[in-house]
Structure formats: C-alpha cells, structure tokens
Q: 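Take this structure first; my questions come after.
Lettering of chains follows the sequences in order, A, B, ..., and the numbering in each one begins at 1.
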Amino acid sequence: MKIYALVDCNNFYASCERVFNPKLEGKPIVVLSNNDGCAIARSQEAKALGIEMGAPLFQIQSIVQCHQVRVLSSNFALYGDLSARVMATLAQFTPEIEIYSIYSIDEAFLDLSGLTQLVDYARQIRTTVKQWTGIPVSIGIAPTKTLAKVANRIAKRRVDANGVFDLTDKTLQEEVLAQTAVEDIWGIGRKSGRRLRTHCISNALQLRHANEQWIQTQLGVMGLRTVLELRGISCLSLQSCPAAKHARTVSRSFSRPVESLAELKAAVATYTSRAAEKLRCDRLSAKALTVFLMTDRFHQDEPQHFDSTYVELPVATSDTAELIGYTSQAIAAIYREGYRYKKTGVTLTHLVAANLFQACLFETTDRERSRKLMQVIDRINQQLGAGTIAFAATGLRQSWGRKEMRSPRYTTCWQELPVVKA
DNA sequence: TCTGGGGTCCTAGGACCC
DNA sequence: TCTGGGGTCCTAGGACCC
C-alpha cells in the first residue's frame with residue numbers, strides 16, 4: 001500500500017516573520033498582499049481574532065488597533081528562501097518527494113511507503129525542520145494525497161495530535177471524514193460544495209459513499225477522482241519531477257488609478273522584464289503572449305473597461321527588448337482614453353525549451369548577441385540587486401506598489417543581514 | 001481612501017481537415 | 001432545392017488551489 005505524508009508549514013508567512021523577529025512569538029500577525037491591500041496570511045492568534053483570509057486591511061482596521069495586531073507587508077524574497085530551506089531539509093528524509101509543485105511554497109508531499117513507525121518518523125521530520133529552519137510544520141499521513149490533506153488538517157487542529165496525524169486506519173478514516181465538511185476537502189471548492197449540499201452531501205464521509213456516475217455528471221472527472229481518493233484508491237501520484245511550466249504571468253494592481261497610456265506602457269514594460277527574467281531562469285522561450293488591462297471592479301460607479309489581447313510571436317524568444325516591443329504595442333492596442341485603470345499584466349505562453357526553438361527563415365536579429373546581452377543583464381541584477389540595470393521603457397519611477405511595513409530580506413540581501421550582538 | 005498574484009486542469013464549442 | 005460524419009486542435013472560461 002502507498003503511504004503519503006503531507007508536510008505543511010504552519011501559517012507559513014507569519015512563521016517566517018517570527019524566525020528573525022522572535023518578539024512576534026505569541027502575538028497576532030497579518031501579512032499583507034501587494035500594495036498592502038489584503039491579509040494574505042495570519043498567525044494563529046490573528047485567525048482566532050476572526051481575521052479572514054483575503055480581508056482588506058481597511059475593513060479589519062478596528063480589530064488591528066484594538067488587539068495590537070502586528071501588520072507586515074509581504075516579503076517574498078524571505079519566504080521563498082525559507083521555503084527552499086524547508087524543502088531541502090525534507091529531502092534528507094526521503095528521495096520520494098514532490099517539491100516545486102504548484103503548491104510548493106509551503107507544502108510538500110512525501111512518499112513514505114514501506115516504512116514502519118510512521119508517526120515516530122514524522123515526529124522526527126517535524127523536529128528537524130523546526131530545528132534547522134525555525135519553521136513549525138504539521139504532517140498528515142494517509143494512503144492517498146487527498147486523505148493526507150484531511151489528516152494534515154487534523155494534525156493542525158487537534159492539540160493532542162501534536163502536529164502529526166496518522167489516517168491510515170480505516171475505522172479512523174470513517175470517524176474523521178464524518179467530521180470534515182465537504183468544502184474542506186482538497187479539490188472541492190465553494191461552487192461544488194454548495195451543489196453537493198443541495199443534494200444532502202455535507203461531509204466527506206457522505207461524499208466518499210456517493211454514487212460514482214452521479215458524481216461524474218455533477219463534478220466531472222476531477223470530482224470523481226476526489227471521491228476515489230477519499231475511498232483510499234490513489235489516483236494522484238507523486239510528481240517527483242513536475243512538468244515544465246506552461247505560462248508565466250506578471251501582473252500588479254496600482255496603488256492609485258492610472259489614466260495615461262505612457263504610465264501603463266511603463267508598467268507593462270516592467271512586468272514584461274520580470275516575466276522574461278523568470279523565463280530565462282527556467283531556460284524557456286515564449287511563442288505567444290497576452291496583455292490585459294482593467295479598471296477597478298470595486299468602483300462600479302465609474303466606467304468599467306476590461307480587455308486583453310493575444311499575440312503570436314514569429315520566433316520563440318526570452319529577449320526582454322524584443323518582448324517589450326510586442327507587449328508595448330499590445331497595450332497601446334487595447335488602451336482606451338478616459339478610464340481609470342487599476343491593474344495590468346503580461347502572460348508569456350506557449351513556452352518551449354530555449355535551446356529547441358524553430359528559427360524563422362527571414363530572421364534578421366542576431367540571436368546569439370541577444371542571448372549574451374540578457375545573460376550579462378541577469379548576472380548584474382543578481383549580483384548587485386534586482387533592477388540595478390533596466391530597460392528605459394520601464395520608466396524611471398517604479399512607484400506603483402506600496403510596501404510600507406516590509407521586514408528586512410534577512411537571508412537574500414547582504415545589506416539586510418541580521419546582526420547578532422554579543 | 002484603502003479590496004492580491006500566480007498557477008493548474010477540464011470542458012464546451014468553434015475552426016478546420018479529409 | 002438539396003448540403004455528412006468523424007476526427008483533431010485550439011481557445012475561452014470555469015473551478016480550484018495556495
């Protein structure tokens with residue numbers, strides 16, 4: 001029998017902040033989204049105060065003040081680095097590990113098949129991760145990934161579980177699934193949850209016993225897969241070597257409305273640069289791209305405009321200058337005067353391995369020269385900090401975002417290393 | 001006044017081909 | 001006036017995840 005363990009970091013972003021700032025221990029913390037807009041992570045104490053995931057900061061201001069909630073801007077450089085350390089630690093315990101999956105920032109599946117003393121082993125993993133990285137994790141153990149997710153929830157909630165819960169026992173599965181709300185199952189979202197409830201399926205045990213044909217007509221093959229997984233039949237295998245990405249998006253909301261094409265162009269050029277960097281980092285090239293722009297949907301009293309445009313490129317590329325040329329034209333094509341824009345973004349799609357592209361018969365650009373130039377730019381920005389060298393099209397002021405309460409990038413920036421005083 | 005960003009997979013339906 | 005059938009590929013949109 002297969003045995004999966006799901007290792008999930010507790011309140012990951014909040015825990016990361018605590019690693020370098022122990023004064024935050026035991027205090028309610030929220031970490032904010034881009035522009036300091038919404039709460040995207042909360043410590044246990046903040047959750048207990050009733051702060052919901054995604055709550056706009058201005059709506060929770062009274063709770064924040066009343067309970068002295070520590071409010072922090074997001075610091076993804078720090079979280080990404082600590083995530084990598086957690087994953088590296090987990091990899092010490094088994095070669096069968098799924099990292100870099102789309103859920104990778106704070107969780108990883110491990111294949112523990114064939115091991116005995118599962119709970120002891122999991123405790124050892126938990127202790128080691130905490131000791132080596134400072135991040136507390138919870139571990140759920142079960143014969144399928146979906147059940148391991150359920151087990152992980154219990155590991156987090158039950159005080160007596162002490163961070164580890166083993167759900168391999170069939171009788172225990174029945175008991176636990178009966179207490180799990182149907183929308184708390186991995187893969188069942190709000191929509192499906194509501195639909196299931198109208199058919200009197202409100203917990204995971206009822207879903208487990210639902211009719212297969214009926215589920216497939218209602219929820220499609222994904223839903224059916226979930227039901228089988230709940231029954232202990234593994235449908236989702238461990239992807240130890242996940243497929244390459246299909247798309248790379250960079251988009252941001254503005255901290256204030258933007259009306260001029262010039263500003264939008266500068267923003268789009270900035271996002272294009274970032275997306276192209278990601279592409280080169282993954283050694284990929286894009287054969288197509290989409291650019292979109294939108295007004296503020298929360299301001300329905302103002303005129304609304306959303307548009308996007310798709311562009312196929314003659315030759316796959318990851319050259320920033322070339323891509324900015326295309327995205328700049330694209331944004332101009334969908335821009336309409338007289339709107340207050342809130343957000344714009346760039347998606348690079350149809351990604352192919354950079355060394356395997358189909359050249360164009362009438363090619364005029366010198367690909368080798370462009371590749372070398374990009375390499376130099378990437379190296380300079382890596383060594384001297386992001387944005388040290390940039391394309392003029394990205395503009396001189398890059399002040400769309402707001403991050404007023406960001407903690408230092410303790411582990412990824414020389415100037416911001418923590419200092420230990422004797 | 002202030003409301004995130006970046007992904008995946010599946011399905012339906014259109015375009016196109018023979 | 002009559003106007004096939006089956007297959008593939010692609011995209012948009014929905015649902016979901018963290």
Q: Can a side chain N or O of A:Arg252 be found less than 4.0 Å away from OP1 or OP2 on B:dG6?
A: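 So the side chain of A:Arg252 is within the cut-off, an N or O lying under 4.0 Å from OP1 or OP2 of B:dG6.
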Q: Is the shortest side-chain N/O distance from A:Arg190 to OP1 or OP2 of C:dC16 below 4.0 Å?
A: no
Q: Looking only at side-chain atoms of A:Asn34, point me to the closest of B:dG5, B:dG7, C:dC18.
A: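 Per side-chain heavy atoms of A:Asn34, the pick is B:dG5.
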Q: To the nearest Å, how far apart are A:Gln239 CD and B:dG7 P?
A: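 To the nearest whole Å, that distance equals 18 Å.
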Q: OP1 or OP2 of B:dT1 less than 4.0 angstrom from a side-chain nitrogen or oxygen of A:His299, does that happen here?
A: no
Q: For B:dG7, does either OP1 or OP2 sit under 4.0 Å from a side-chain N or O belonging to A:Lys278?
A: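 So the side chain of A:Lys278 is within the cut-off, an N or O lying under 4.0 Å from OP1 or OP2 of B:dG7.
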Q: May I ask you to say what A:Ser74 touches in the nucleic acid, namely base, sugar-phosphate or nothing, with a heavy-atom cut-off under 4.0 Å?
A: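 Since no nucleic acid heavy atom lies under 4.0 Å of A:Ser74, the category is nothing.
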Q: Would you mind checking if A:Lys342 and A:Glu302 are paired as a salt bridge, meaning a charged N to carboxylate O distance below 4.0 Å?
A: no
Q: Taking CG from A:Asn35 and C1' from B:dT3, how many angstroms apart are they, rounded to a whole number?
A: 10 Å
Q: For A:Phe109 and A:Trp186, take the angle between the two ring planes, folded into 0 to 90°, and tell me which bin it lands in: parallel under 30, tilted 30 to 60, perpendicular over 60.
A: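 Tilted.
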Q: Can you measure A:Arg225 atom CZ to C:dC16 atom C1' for me and round it to whole angstrom units?
A: 13 Å
Q: Mapping A:Phe298 and A:Ala247 onto DNA chain B by nearest heavy atom, which one lands closer to the 5' end?
A: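 Closer to the 5' end of DNA chain B: A:Phe298.
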Q: Nearest to the side chain of A:Val221, heavy atoms from C-beta on, is which of B:dG6, B:dG4, B:dC10?
A: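 Among B:dG6, B:dG4, B:dC10, the one nearest the side chain of A:Val221 is B:dC10.
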Q: For residues A:Tyr326 and A:Glu312, is any side-chain donor paired with an opposing acceptor at under 3.5 Å?
A: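 Per modelled atom types, A:Tyr326 and A:Glu312 side chains form no pair under 3.5 Å.
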Q: C:dC18 and B:dT3: how far apart are their P atoms, nearest whole angstrom?
A: 25 Å
Q: Report yes or no: do A:Asp81 and A:Thr412 form a side-chain donor-acceptor pair below 3.5 Å?
A: no
Q: At under 4.0 Å, does any side-chain N or O of A:Ser33 touch on OP1 or OP2 of B:dG5?
A: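 No.
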Q: Nearest whole Å is fine: how far is C:dC18 C1' from A:Asn152 CG?
A: 13 Å
Q: Is any side-chain nitrogen or oxygen of A:Arg256 closer than 4.0 Å to OP1 or OP2 of B:dT1?
A: no
Q: Is the shortest side-chain N to carboxylate O distance from A:Arg274 to A:Glu277 below 4.0 Å?
A: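 Salt bridge between A:Arg274 and A:Glu277, a charged N being under 4.0 Å from a carboxylate O: yes.
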Q: Heavy atoms under 4.0 Å, any strand shown: does A:Leu32 hit a base, just sugar-phosphate, or nothing?
A: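 Nothing, no heavy atom under 4.0 Å.
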Q: Nearest to the side chain of A:Met222, which nucleotide is it out of B:dT8, B:dG5, B:dC10?
A: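 Of B:dT8, B:dG5, B:dC10, B:dC10 is nearest to the side chain of A:Met222.
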Q: Any salt bridge linking A:Lys278 with A:Asp282? Criterion: basic side-chain nitrogen under 4.0 Å from a carboxylate oxygen.
A: no
Q: Without decimals, in angstroms, what is the distance between A:Leu196 CG and C:dC16 C1'?
A: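 Checked: the CG to C1' distance equals 14 Å.
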Q: What's the closest nucleotide to the A:Glu107 side chain, out of B:dG6, B:dG4, C:dC18?
A: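 Nearest to the side-chain atoms of A:Glu107, counting from C-beta on, is C:dC18.
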Q: With heavy atoms under 4.0 Å as the rule, sort A:Arg194 into base, sugar-phosphate or nothing.
A: nothing
Q: Check whether any side-chain N or O of A:Lys149 sits under 4.0 Å from OP1 or OP2 of C:dC18, and answer yes or no.
A: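 Yes, such a contact exists.
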Q: Just the rounded figure in Å: distance from P of B:dG7 to OH of A:Tyr271.
A: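 Atom OH in A:Tyr271 sits about 15 Å away from atom P in B:dG7.
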Q: State plainly whether the residues A:Arg70 and A:Glu45 are in salt-bridge range, i.e. N to O under 4.0 Å.
A: no
Q: To the nearest Å, give me how far apart CD1 (A:Ile185) and C1' (C:dC16) are.
A: 14 Å
Q: State whether A:Lys145 and A:Glu98 are salt-bridged, where the test is any N-O pair (Lys NZ or Arg NE/NH1/NH2 against Asp/Glu carboxylate O) under 4.0 Å.
A: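 Here A:Lys145 pairs with A:Glu98 in a salt bridge, since their nearest N and O are under 4.0 Å apart.
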Q: Verify the distance criterion only: is there a donor paired with an acceptor across the side chains of A:Asp36 and A:Ser73 at less than 3.5 Å?
A: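 Checked: A:Asp36/A:Ser73 side chains pair up, N/O donor to acceptor below 3.5 Å.
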Q: Are A:Ser251 and B:dG6 close enough that a side-chain N or O sits under 4.0 Å from OP1 or OP2?
A: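 For A:Ser251, the contact criterion (side-chain N or O under 4.0 Å from OP1 or OP2 of B:dG6) is met.
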Q: Any N/O pairs under 3.5 Å between the protein and nucleotides 11-14 of chain C? List them or say none.
A:
| residue | atom | partner | partner atom | Å |
| --- | --- | --- | --- | --- |
| C:dT11 | OP1 | A:Tyr310 | OH | 3.1 |

Q: Any chance you could measure A:Ile141, atom CD1, to A:Ile3, atom CD1, to the nearest 0.5 Å?
A: 8.0 Å
Q: Is any side-chain nitrogen or oxygen of A:Lys343 closer than 4.0 Å to OP1 or OP2 of B:dG5?
A: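 True: A:Lys343 side-chain N/O within range (under 4.0 Å) of B:dG5 OP1/OP2.
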Q: Assess, by modelled atom type and distance only, whether the side chains of A:Thr327 and A:Thr272 contain a donor and an acceptor separated by less than 3.5 Å.
A: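 A pair is found: one side chain offers a donor N or O, the other an acceptor, under 3.5 Å apart.
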Q: Rounded to whole angstrom units, what separation is found between the CZ atom of A:Phe254 and the P atom of B:dC2?
A: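 These atoms are roughly 15 Å apart.
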Q: Need the pair for B:dC10. Rule: Watson-Crick or G-U wobble, both distances under 3.5 Å, any strand; none if unpaired.
A: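 Check on B:dC10: paired to C:dG13, both distances under 3.5 Å.
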Q: Enumerate the residues from residues 46-62 of chain A whose closest heavy atom to DNA chain B is under 4.0 Å, giving them by residue number; use none for an empty result.
A: A:Pro56, A:Phe58
